[in-house]
2 protein chains.
Amino acid sequence: MPVTIEDVARLAEVSTATVSRVLNNHDLVSNEARQRVLDAILKLDYKVNLSARRLRTNQTGTIAVVIPTIADSVINQMIEAIEDAAIEEGYTLLMCSTRGDTEREKGYTRLLTQQRMVDGLLYISPRAAPEEVSKLAQGGLPLVLCNYRLEQTKTPCILFDHVSTAYQTTHYLLSLGHRRIALLNLDAPYYYPARMRQEGFEKAFADFRLRPDPTLIREVHRATHVNFDWRDVIHALLDLEVPPTAIVAFNDEVALQVYAVCRERGLNIPADLSVTGCDDILSSRYVDPPLTTVHIPARDEGRLAMEFLLKQIRHERLSYGATLVLDVELMVRESCAAPSS
Amino acid sequence: MPVTIEDVARLAEVSTATVSRVLNNHDLVSNEARQRVLDAILKLDYKVNLSARRLRTNQTGTIAVVIPTIADSVINQMIEAIEDAAIEEGYTLLMCSTRGDTEREKGYTRLLTQQRMVDGLLYISPRAAPEEVSKLAQGGLPLVLCNYRLEQTKTPCILFDHVSTAYQTTHYLLSLGHRRIALLNLDAPYYYPARMRQEGFEKAFADFRLRPDPTLIREVHRATHVNFDWRDVIHALLDLEVPPTAIVAFNDEVALQVYAVCRERGLNIPADLSVTGCDDILSSRYVDPPLTTVHIPARDEGRLAMEFLLKQIRHERLSYGATLVLDVELMVRESCAAPSS
DNA sequence: TGTTATACTGTAATCGTTTACATTAAAACA
DNA sequence: TGTTTTAATGTAAACGATTACAGTATAACA
C-alpha cells in the first residue's frame, strides 16, 4: 500500500540509488534524471520511511529535552522556541520533565544515553551533581546545557545572566535606600542559578560597601517544584525582630506568594515592604501593584540552545565560544519604594 | 560497537528468533532458553534498536499531540500526564503547538496524517472547522479529541464539562443577587468550549427564569492566544450606561485582566464588581482578593486521553463510550459578593 | 587511434529486527 | 513398536532506505 522508493524509481525509470541521491541532495545526478525523479515523487506523493532511513544511517531523528517542569513560563518559552526549531529541521522532540526530582532526572539522562534513543540532548536547568553532569558531557552524545555552567569542557553552555538578575534588583533596592534586604533563594543543592543569584545579591551590596545580613538569606532546599509553598518561610522572615524592608524573590511566582503573605498580614506593598521578582511572567504585570522584576530572553535561550545542538550533531564548528551568557533587563514597576524609615 | 540481537543470541546459544520471542513475550519459549537469553541481555546490556523494530513492524513509536499553546496551566497539566503515560509505554511524544493559528493547526494535522510519522494523534482543543476535524477522524489514524465533541463518530472525545463551568459560576453569582452579569467568552469561531460556556451561562439564567442581556456577552474573536489583551473589551463593558455588577471570565488569565482594569479604574473587587474565572491556576489563589473559579481535572483528562489513544492503537475495545465528560468543581473564594445597590 | 579522465548510473550489500515456515525432538497415542 | 501430535527452536526472507563499488558512456587528451 504505502509507496516506497522502488515505486518512485520504477516510475522515473532510474534505480533506487538515483532516487536516494536526489532525496539527499547529492550532486552526482543529471538534471534530467533529477527532474524525472522529482516528478515521480510528486505524482506518487512519496514520503520517505523514516524508520528505514534511521536504521540505515544510524540516526534517530529525535532530540531529547530534559526540563525540570513544564509549568513554568520561562521553560515554556524556551520549549516553544526549541520545538519550532526541531520541527523545522525535521526532528522529533522527546520531552522529559523531571518535576524537580533528581532521581527522576538521573533516570532520564541514563535512559537517554544508554539506549541510543536520541541524536542529541538538551539539558535544561540541571539539578544533578556536577560530577554527574560532567560524566554525561563526556559520554559522546551531543549535549547542550542550559542555565548551567560546566567549566573546563567543550560542552556548550547557554544561560542568561543569573548573577545580573539578583544584582540589578538588589542594586535598585539599595539605591532606593533599603538596607535590610532579604533574599528568597533556591538551593537544590547544585542548582547553578541559585548560587549565581546569591553572588549577584552580594555583589550589589559590595558596590555600596555593605554586606548583606546572612540571617536574611533564606535558601529553601527542595523548593524546585513550582507548586512549593513558600509562605511559612516568608512569614518567618517578617516575624523577625527587625524584619526586612525589601525582599528579592527568586522568581515571580515566589514574589506573588510574598504578595499573598502581605495580604494575610495586612501589609502594604510597596509602602511597608518592597518586593522584586524575576522572569517577567504575564501576571507580574497584572498584580497589584505591578511587580518590579527582571525580563529574561527565554525564547532566545531556547533557540540558541537548539542551534548549538544541531551544529554539534552535524559536526559543524560553533561560531560562539563554549559558553554564552545572555543579558537580562530590569523592569521597574510599582512594587518597590523607599523604606518607610 | 553497539550490541545487537545477534550478539545476545550467540552468548545465549540460541537463534535470533528465540531472542526476539523473549523480547516480545511470546510464550513459545522454554523457561530454560528464556533464562539464558535474559541473562545474556543483562550481561551485554543489550537494548533493542528501535529503528529496526519500527521498520519491521511498521510502527513509528511516536505519538503526536497538537496543542493550542504550551503556555497555559491546563494544557501544561494535561501534557504532563500525557508525557508520563507516553514514556511509560515506550512512546516518543511529538509536540506541535499551533499558537492559536488555525493555518498552522491545519498544517500540522496534514503533515502528521500524510506522512505516516506517528502511530496516533492527540488533538487538544481543536479550533479547526468541524468538517476538517471530521475528515481527520475518518483518516484511519488513531485519534483522540480533547475539549471537543464530534457527534456521530467512533472517535473518542474527552472533555471536562464546559457547560458546567459557566453554569456553576453564573448560578453562584445569580444566587448572590446579581442580575447584570457579563460573559467574557472566546469565539474561535469553531471553538467548542466557548459555545458550551455560553450554553451554561444561559442555562443558569433559565434556572432563575431569567434571560441574560445579550449586550453583556462579549465574544472575542481571535483571542486564542494566551497573551491577548482583553482590557479594551473590559473597559467597554464597564463604560456601559448600566455596567455589569459581575463578570464571568472565560478563564483565570482573563479574570486577572479584569483585576488589572479594576485597579486602573479604582474599582474594588468584590464590593464594586464580582469576578469569576475558570481553570484554578496557581496565582488565582494568591491574587487579591483570591479568585472564585472552577477547578478542572486537567491531569485526569490527559491521562484518560492517552489511555484511549493507546487502546485504539492496540485495537483494544474501549471500556467507556466514545465521549467522556469529566466533572468540574466550583472553588468559592473572595472575588464575589452581593451587588452593592 | 588508444588511453584516461569525467560524469552519471546501477547493482547489491547492509542496517537490526520480526516472523512465516521448516525442522527437530519429545510426548502421546494406537 | 510405529505413527501422530505437540512444543521448542532454527532458517532465512522480509521491512525500505543508503552507499560502497562497479560499470558505462562520453569527453578530453596524447
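Within every chain, numbering begins at 1; the chains are lettered A, B, ... in the order of the sequence lines, protein sequences first and strands thereafter.
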Rounded to whole angstrom units, what separation is found between the [atom1] atom of [X] and the [atom2] atom of [N]?
| X | N | atom1 | atom2 | result |
| --- | --- | --- | --- | --- |
| B:His26 | C:dA20 | NE2 | C1' | 12 Å |
| B:Leu50 | C:dT17 | CG | P | 9 Å |
| B:Ile5 | D:dA12 | CD1 | C1' | 14 Å |
| B:Arg53 | C:dT19 | CZ | C1' | 13 Å |
| A:Arg54 | D:dT19 | CZ | P | 15 Å |
| A:Glu6 | D:dT18 | CD | P | 13 Å |
| B:Leu23 | C:dT18 | CG | C1' | 10 Å |

- Task: With heavy atoms under 4.0 Å as the rule, sort A:Asn58 into base, sugar-phosphate or nothing.
- Result: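 Result for A:Asn58 = nothing.
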Identify, with sequence neighbours excluded, every residue that meets salt bridge (Lys or Arg N to Asp or Glu O under 4.0 Å) alongside [X].
| X | answer |
| --- | --- |
| B:Arg303 | B:Asp300, B:Glu307 |
| B:Glu83 | none |
| B:Glu32 | B:Arg36 |

Donor-acceptor pair, side chain of [X] and main chain of [Y], under 3.5 angstrom:
| X | Y | answer |
| --- | --- | --- |
| B:Thr60 | B:Asp119 | yes |
| A:Glu105 | A:Arg127 | yes |
| A:Asn24 | A:His26 | no |

For nucleotides 24-28 of chain D, which of its nitrogen or oxygen atoms have a protein nitrogen or oxygen under 3.5 Å away, and what is each distance?
none

- Message: My understanding is that only residues two or more places apart in sequence, or in another chain, count here; which of them pass side-chain contact (heavy atoms from CB on, under 4.5 Å) with B:Asp84?
- Response: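 For B:Asp84 the side-chain contact (heavy atoms from CB on, under 4.5 Å) partners, ignoring immediate neighbours, are A:Arg99, A:Arg104, B:Arg299.
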- Query: Sequence neighbours excluded, which residues qualify as side-chain contact (heavy atoms from CB on, under 4.5 Å) partners of B:Gln138?
  - Reply: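 Partners of B:Gln138 under the side-chain contact (heavy atoms from CB on, under 4.5 Å) test: B:Ser134.
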- Are B:Asn31 and B:Gln35 close enough that a side-chain donor and a side-chain acceptor fall under 3.5 Å?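 No, B:Gln35 and B:Asn31 have no side-chain donor paired with an acceptor closer than 3.5 Å.
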Using atom types as modelled, flag every donor-acceptor pair under 3.5 Å from a side chain in residues 10-18 of chain A to any protein atom, sequence neighbours excluded.
unit_1, atom_1, unit_2, atom_2, d
A:Arg10, NH2, A:Asp7, OD1, 2.8
A:Ser15, OG, A:Ala17, N, 3.4
A:Ser15, OG, A:Thr18, N, 3.4
A:Ser15, OG, A:Thr18, OG1, 3.4

- Task: Kindly write out the residues that satisfy side-chain hydrogen bond (donor to acceptor under 3.5 Å, both in side chains) with A:Asn76, not counting sequence neighbours, or none if the list is empty.
- Result: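 Not a single residue meets the side-chain hydrogen bond (donor to acceptor under 3.5 Å, both in side chains) criterion with A:Asn76.
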- Message: Going by the rule side-chain hydrogen bond (donor to acceptor under 3.5 Å, both in side chains), which residues pair with B:Gln59 if we only count those two or more places apart in sequence or in a different chain?
- Response: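 By the side-chain hydrogen bond (donor to acceptor under 3.5 Å, both in side chains) rule, B:Gln59 matches no residue at all.
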- Query: Of the non-hydrogen atoms in A:Thr69 and A:Ile75, which two are nearest, and what is the gap between them?
  - Reply: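 Closest heavy-atom pair between A:Thr69 and A:Ile75: O-CG2, 3.1 Å.
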Report, one pair per line, the protein and nucleotides 12-15 of chain C atoms (nitrogen or oxygen only) whose separation is under 3.5 Å.
unit_1, atom_1, unit_2, atom_2, d
C:dT14, O2, A:Arg56, NH1, 2.6

- Task: Report the end-to-end axis angle of the helix from C:dT1-D:dA30 to C:dA30-D:dT1; each axis comes from five terminal pairs, and the value is rounded to 10°.
- Result: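 Its terminal axes enclose an angle near 60°.
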Using a cutoff of under 3.5 Å, can you pull out all pairs of nitrogen or oxygen atoms linking the protein to nucleotides 7-9 of chain C, with atom names and distances?
unit_1, atom_1, unit_2, atom_2, d
C:dT9, OP1, A:Ser30, OG, 2.7
C:dT9, OP2, A:Ser30, N, 2.9
C:dT9, OP2, A:Ser30, OG, 3.3

